[in-house]
**Student:** 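Here you go, one structure.
Atoms within each ligand, like the ligands themselves, are counted from 1 in listed order. Numbers here are sequence positions counted from 1.
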Amino acid sequence: MKPAAVKPAFDVEEMRAQFPILKELVHSKPLVYFDNAATSQKPHRVIKAESAYYATINANVHRGVHTLSTKATEAQEAARETIRKHINAKHAHEVIFTSGTTASLNLAAFSLGQLLLNKGDEVLISGMEHHSNIVPWQLACERHGAKLKVIPITESGEWGLTQMPFSDETRVLAVSHVSNTLGTINPVKELIAEAKKRGIVTVVDGAQAIAHLNVDVQDLGCDLYAFSGHKAYGPTGTGVLYGREDLLDRMPPWQGGGEMIDTVTLEKSTWAKLPFKFEAGTPHIAGIIGLGEAIRWMEDYEMTAMAAHEQLLLEHATKELLAIDGLRIIGTAKTKVGVISFVIEGIHHYDLGTLLDQQGIAVRTGHHCTQPLMDRFGVSGTTRLSFACFNTVEEVDAMVAATRKAVKMLR
Ligand code: 7TS
């Protein structure tokens with residue numbers, strides 16, 4: 001990041017102008033996009049970087065000697081270096097490209113399962129995990145005869161830690177940095193420090209952190225950190241698994257195929273060096289280049305300025321929504337990103353979501369791939385708002401007014 005390119009704060013209208021989709025009408029109404037936790041919108045620069053790859057350098061990477069292949073390889077590896085710097089990894093080869101957080105966590109669970117899980121061992125997760133950070137561990141536990149242990153969640157939507165949750169059998173701690181449903185920012189650094197004292201491998205699901213917090217993997221001290229590009233203003237189908245070099249070196253590959261090998265005979269194969277050991281097959285080259293551009297775009301703004309803007313929206317929306325009769329916010333942690341999940345007495349979230357959509361307002365409804373968390377709070381689903389840096393106070397007011405109107409119609 002060049003310091004000269006950093007803007008001290010930002011003008012939200014200038015920011016909005018960079019997102020072509022914000023000019024779209026939905027049901028003849030201006031789009032209000034409050035579903036950024038599902039996927040964020042993309043600035044023009046990212047869309048352009050991805051299409052420029054197809055228009056000018058489309059070729060496979062790490063293969064041919066020809067000019068286009070070299071250019072494609074250089075562009076992809078430049079994106080890897082951008083990401084390395086952004087998350088403060090020590091080495092670029094500690095950044096593995098995947099198709100998203102789900103793939104990153106499946107890689108982690110499969111490979112760590114092979115490396116360290118035995119009968120009777122435990123994997124520790126929390127009760128607010130996305131299904132992507134539950135199911136891969138359940139599968140790994142089943143394969144190796146291990147058990148899944150769960151950190152309980154308090155009424156405010158935080159980890160209920162009255163004592164350290166580890167046992168002598170805990171081998172892996174896998175927790176989310178930020179909850180997609182509650183918005184809670186978890187104290188991962190503190191728990192990782194305790195896990196490390198006990199020799200436990202630590203995995204962080206950073207899907208909801210990467211676009212809202214300054215992520216520094218060395219400062220966090222985690223062994224593995226997973227995120228998706230499409231939640232950080234980048235293309236869908238892109239993701240990262242960061243891993244500490246010495247651990248990645250010991251982990252077996254997850255998928256086999258082209259580019260992940262050193263030698264292949266019909267009897268036995270040996271593996272390529274990092275990061276390629278974990279990157280079988282042709283990657284989403286255009287997407288990775290777009291992701292690099294998305295990270296550079298975010299760095300042109302200060303993360304703290306974007307986060308401060310989103311906090312303002314969070315505070316305003318929380319206050320306005322709580323004034324609606326019968327509305328309950330699920331997730332009232334002290335530290336949150338701009339995510340609000342709520343239920344309204346006597347109103348189904350699906351009906352509310354449908355009426356909001358008719359006003360051009362996009363929210364997510366349902367269990368948000370966190371069914372155990374819904375069970376914990378005794379609800380079948382919620383309506384969820386998730387903000388990005390391009391959202392405005394006026395949009396929040398429009399959403400609150402539309403919700404009030406919907407409540408009148410539905411009651
Ligand atoms: N982990 C968390 C915390 C997430 O929020 C999500 C996606 C994932 C993992 C999976 O990411 P993917 O890119 O591989 O799909 N969360 C959501 C959401 O909240 N609404 O839609 C997808």
Side-chain angles (χ1 to χ4, degrees), residues 33-42 83 96-110 125-139 150-151 153 157-159 173-186 188 203-213 215 220 222 224-242 254-255 283-284 287-288 290-291 294 310 330-331 333 336-342 349-350 353 357 362-374 381-388:
Y33 188 77
F34 283 163
D35 198 16
N36 294 284
T39 197
S40 61
Q41 296 302 346
K42 323 301 172 201
I83 292 160
I96 295 160
F97 289 125
T98 68
S99 62
T101 309
T102 303
S104 297
L105 292 170
N106 274 278
L107 190 171
F110 178 87
I125 61 168
S126 92
M128 67 170 83
E129 299 312 311
H130 186 280
H131 295 164
S132 310
N133 201 31
I134 301 175
V135 183
W137 300 110
Q138 286 175 336
L139 293 170
V150 183
I151 299 170
I153 303 304
E158 292 163 288
W159 292 338
L173 168 73
V175 284
S176 49
H177 199 168
V178 171
S179 158
N180 65 316
T181 300
L182 309 169
T184 311
I185 303 172
N186 291 309
V188 282
V203 183
V204 179
D205 172 353
Q208 298 296 342
I210 194 70
H212 308 288
L213 305 178
V215 172
L220 288 174
C222 56
L224 302 177
Y225 193 97
F227 65 89
S228 300
H230 71 96
K231 294 187 199 285
Y233 308 102
T236 51
T238 62
V240 164
L241 181 68
Y242 155 80
W254 174 42
Q255 293 181 322
H284 182 6
I288 290 169
L291 173 56
E310 291 164 10
I330 305 217
K336 282 180 66 169
V337 300
V339 167
I340 304 179
S341 264
F342 65 87
H349 46 82
Y350 180 83
D357 178 61
V363 298
R364 185 168 172 191
T365 63
H367 55 62
H368 317 295
C369 302
T370 52
Q371 281 183 7
L373 190 63
M374 297 293 110
T382 72
T383 302
R384 182 188 69 182
L385 315 178
S386 50
F387 303 128

**Student:** Check residues 232-242 and write down every donor-acceptor pair under 3.5 Å in which the side-chain atom is one partner and the other belongs to a residue at least two apart or another chain.
**Tutor:**
from : atom 1 : to   : atom 2 : distance (Å)
Y233 : OH     : C389 : N      : 3.3
T238 : OG1    : P235 : O      : 2.8

**Student:** Should L182 and M128 count as side-chain neighbours, where that means a heavy-atom distance under 4.5 Å?
**Tutor:** yes
**Student:** For a 4.5 angstrom cut-off between non-hydrogen side-chain atoms, does I330 reach F342?
**Tutor:**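 I330 vs F342: side chains apart.
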**Student:** Do V150 and S126 touch side chain to side chain, with heavy atoms closer than 4.5 Å?
**Tutor:** no
**Student:** One line per pair, note the atom names and distance for all nitrogen or oxygen contacts under 3.5 Å between ligand 1 and the protein.
**Tutor:**
from     : atom 1 : to   : atom 2 : distance (Å)
ligand 1 : 1 (N)  : D205 : OD1    : 3.3
ligand 1 : 1 (N)  : D205 : OD2    : 2.5
ligand 1 : 5 (O)  : Q208 : NE2    : 2.7
ligand 1 : 13 (O) : S228 : OG     : 2.6
ligand 1 : 13 (O) : H230 : NE2    : 2.6
ligand 1 : 14 (O) : T101 : N      : 3.4
ligand 1 : 14 (O) : T102 : N      : 2.9
ligand 1 : 14 (O) : T102 : OG1    : 2.6
ligand 1 : 16 (N) : H130 : NE2    : 3.4
ligand 1 : 16 (N) : K231 : NZ     : 2.9
ligand 1 : 19 (O) : N180 : ND2    : 2.9
ligand 1 : 19 (O) : R384 : NH1    : 2.6
ligand 1 : 19 (O) : R384 : NH2    : 3.3
ligand 1 : 20 (N) : R364 : NH1    : 2.5
ligand 1 : 20 (N) : R384 : NH2    : 3.2
ligand 1 : 21 (O) : R364 : NH1    : 2.8

**Student:** Taking the six-membered ring for Trp, are F387 and F34 parallel (under 30°), tilted (30 to 60°) or perpendicular (over 60°)?
**Tutor:** perpendicular
**Student:** So, do V339 and L385 sit near enough that their side-chain heavy atoms are less than 4.5 Å apart?
**Tutor:**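 V339 does not reach L385 side chain to side chain.
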